[in-house]
There are 2 protein chains.
Amino acid sequence: MHDMKDIFDTVKSNRISENIVHQIRGAILRGELKIGDRLPSEKDLAMKFGVSKSSLREAYRVLEAYGLLEIKQGMSGGAFVKEVDLKTIKDGLVNYFFFQNPSIREYTQIRTFIEPEVVKICALKITDNDIDYLKNNISEMEKEVDGENFMSDLDCAFHKKLADITENTMISLIVESVQTALINVKRMLQMNHDFLTMVCDGHKKIVGALCERDPDKAGKEMLQHIIEVETGMLACKNGDMVLTETGILKSDTGR
Amino acid sequence: MHDMKDIFDTVKSNRISENIVHQIRGAILRGELKIGDRLPSEKDLAMKFGVSKSSLREAYRVLEAYGLLEIKQGMSGGAFVKEVDLKTIKDGLVNYFFFQNPSIREYTQIRTFIEPEVVKICALKITDNDIDYLKNNISEMEKEVDGENFMSDLDCAFHKKLADITENTMISLIVESVQTALINVKRMLQMNHDFLTMVCDGHKKIVGALCERDPDKAGKEMLQHIIEVETGMLACKNGDMVLTETGILKSDTGR
DNA sequence: AATATTTTAAATATCAGATGTTTTAAAATA
DNA sequence: TATTTTAAAACATCTGATATTTAAAATATT
């Protein structure tokens, strides 16, 4: 009836460091260790666990990679419990998406699900300060369109700002991660001057609708913007890159 | 005009292991190292980098935590480049959400954005095999409602299956991660028998609409299901937990 | 008295090398 | 030929020594 695989997890390595990681992560997730708590020194904790310093240090490196610990050197240094930050998660997603290599169509699809809804909420919650921020973002971006500085992170910041207005952590995380991944693709494709102008115009229309506090109009403007971006990217040809149904490939690697 | 902080990144630790992590991760992300490639042995690579074995091992632990390497023991073992898997990312998100502690409202909001759209696509793409899978999932779940086994991961699997039908990696990742986090909350709240029955009924209605290949109906059923789940969770009182506007708190910790 | 400098101690970072364990391939044996 | 044994390659762990970093304490200077 049931295969054993359905019942038991495969037993992984018995590495000491993994055991320690499991214990400390568990203590944090159970709330026994709080943000800012300092763990005993390497020497003491290694003794307590009955392991060598090297094994403990490997565990520390892993927990640090998870973003759960921060290790400080020097007197009154040590290992401190830390809140996992956005950067840790975003870096992880970058690693993941590198192998997944989503297609432009996939990026567009997830964006059309979320971002029009986001701006609908924004239209109801946005403050004058927020609008100032967005207008400023657009004018900074227009400067870059003319200059050499090319795109930078202003596009990402625009969409993240809108997501942040929803005050929903998960939405912010998703929007920012998708934007970051997408902007990497744009960089690879080396989008041209016209494309950047189009992006600025789209952003202006969205902010215009938000100024009127019109949710439906904002939603429609965002949807159109997303589609225009997709069209622009699909139209873009670049010698090194190949756009396919299943992703963006470097042609020279022949993957 | 510009603060130096805008121009330069703060220089972090000069830890040797971090330097090595940076180099190897860079080589993978630049495509110089491919999936399955084996790095030189600890001894050789440490020599090549001009560092001690311990430093190299710490770097390996970090890259392993990122999901980029798999280290195998024994003859013809070693460090192999690996595709980052979903589990790595999900675990990271669990860590992140533990500190963010999103509210039920936030979970519902992101779900209402994505999942009704997902089933609309499903209604167009779903196969008979997929429908069999979903029906089977529901009947397995009904068994658990009566028994002791309580919920398990079938609820998550149902929603993930729908997400997978879209063939959009990012959607699958998001839906599965949100589901996993939400199910942890449900476990804490110890949802009762009626709630589980309601979930099964909701799933049945969704599959019903999918059988008819009716996108709008499927979308509406999913939306209603999500709202029912929210209502059910908000109505649930549990001695150890407190539901607030900003999240789910353990009352005894007094956070 | 206030400030600047130097010293010191606690903690992590790194290294070197010895020993143990795991895994697989090859060699020996049945 | 099939099985068992053996050997070697690679990671896992431990020990202990040395270097570096950092903040606080002590000292010197203004």
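All chains are named by letter (A, B, ...) in the order of the sequence lines, taking the proteins before the strands, and each is independently numbered beginning at 1.
The separation between Leu56(A) atom CG and dA12(D) atom P is 16 Å, rounded to whole Å. Spacing between atom NZ of Lys43(B) and atom C1' of dA12(D) amounts to 16 Å, rounded to whole angstrom units. Straight-line distance from the CG atom of Asn14(A) to the C1' atom of dA12(D): 12 Å, rounded to whole Å. Summarising the geometry, the separation between CD on Glu18(A) and P on dA12(D) is reported as 10 Å, rounded to the nearest angstrom. Atom P of nucleotide dA10(C) and atom NZ of Lys53(A) are separated by 16 Å, given to the nearest angstrom. Atom CG in Leu45(B) sits about 18 Å away from atom P in dA9(D), given to the nearest Å. When rounded to the nearest whole Å, the span between CZ of Arg61(A) and P of dA12(D) equals 17 Å. In this entry the distance linking CD of Glu58(B) with C1' of dC15(C) reads 11 Å, nearest Å.
OP1 or OP2 of dC15(C) sits under 4.0 Å from a side-chain N or O of Ser52(B). Between Arg15(B) and dT20(D) there is no side-chain N or O to OP1 or OP2 distance below 4.0 Å. Residue Ser55(A) places at least one side-chain N or O closer than 4.0 Å to OP1 or OP2 of dC14(D). In terms of phosphate contacts, Arg57(A) brings no side-chain nitrogen or oxygen within less than 4.0 Å of OP1 or OP2 of dT12(C).
With respect to the salt-bridge test (charged N to carboxylate O, under 4.0 angstrom), the residues Asp155(A) and Lys186(A) qualify. Ion pair Glu58(A)/Arg61(A) not flagged as a salt bridge, since none of the NZ, NE, NH1 or NH2 atoms sits closer than 4.0 Å to an Asp/Glu carboxylate oxygen. Using a cutoff of 4.0 Å between basic side-chain nitrogens and carboxylate oxygens, Arg105(B) and Glu167(A) are not scored as salt-bridged. Ionic pairing of Asp164(A) and Lys125(A) is not present here: no N-O contact between side-chain nitrogen and carboxylate oxygen is shorter than 4.0 angstrom.
When all heavy atoms are compared, the tightest approach of Leu56(B) to Ala46(B) is CD2-N, 3.7 Å. Nearest heavy atoms, Ala65(B) versus Thr88(B): O-CG2, 3.5 Å.
Residue Gln100(A) holds its CD atom at 10.5 Å from CG of Asn168(B), rounded to the nearest 0.5 Å.
Among the nucleotides dC11(D), dT12(C), dA18(C), the one closest to the side chain of Ser41(B) is dC11(D). Looking at the side chain of Arg38(B), the nearest of the listed nucleotides dA10(D), dA24(D), dA12(D) is dA10(D). Between dC11(D), dT14(C), dT22(D), one nucleotide has an atom nearer to the side chain of Met75(A) than all others, and that is dT22(D). The side chain of Glu42(B) lies closest to dA12(D) when the candidates are dA9(C), dT12(C), dA12(D). Closest to the Ile16(B) side chain, of the nucleotides dT22(D), dT23(C), dC15(C), is dC15(C).
Heavy-atom nearest nucleotides on DNA chain D were determined for Gln73(A) and for Gly50(A), and the one closer to the 5' end corresponds to Gly50(A). Nucleotides of DNA chain C nearest to Ser54(A) and Lys72(A) differ in position, and the one nearer the 5' end is that of Lys72(A).
Side-chain atoms of Thr180(B) come within 3.5 Å of backbone atoms of Glu176(B) as a donor-acceptor pair (strictly under, hydrogens ignored).
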Query raised in the report: In dot-bracket, 5' to 3', how would DNA chain C read with Watson-Crick or G-U wobble pairs under 3.5 Å, [ ] for crossing ones and | for pairs to another strand?
Result: ||||||||||||||||||||||||||||||
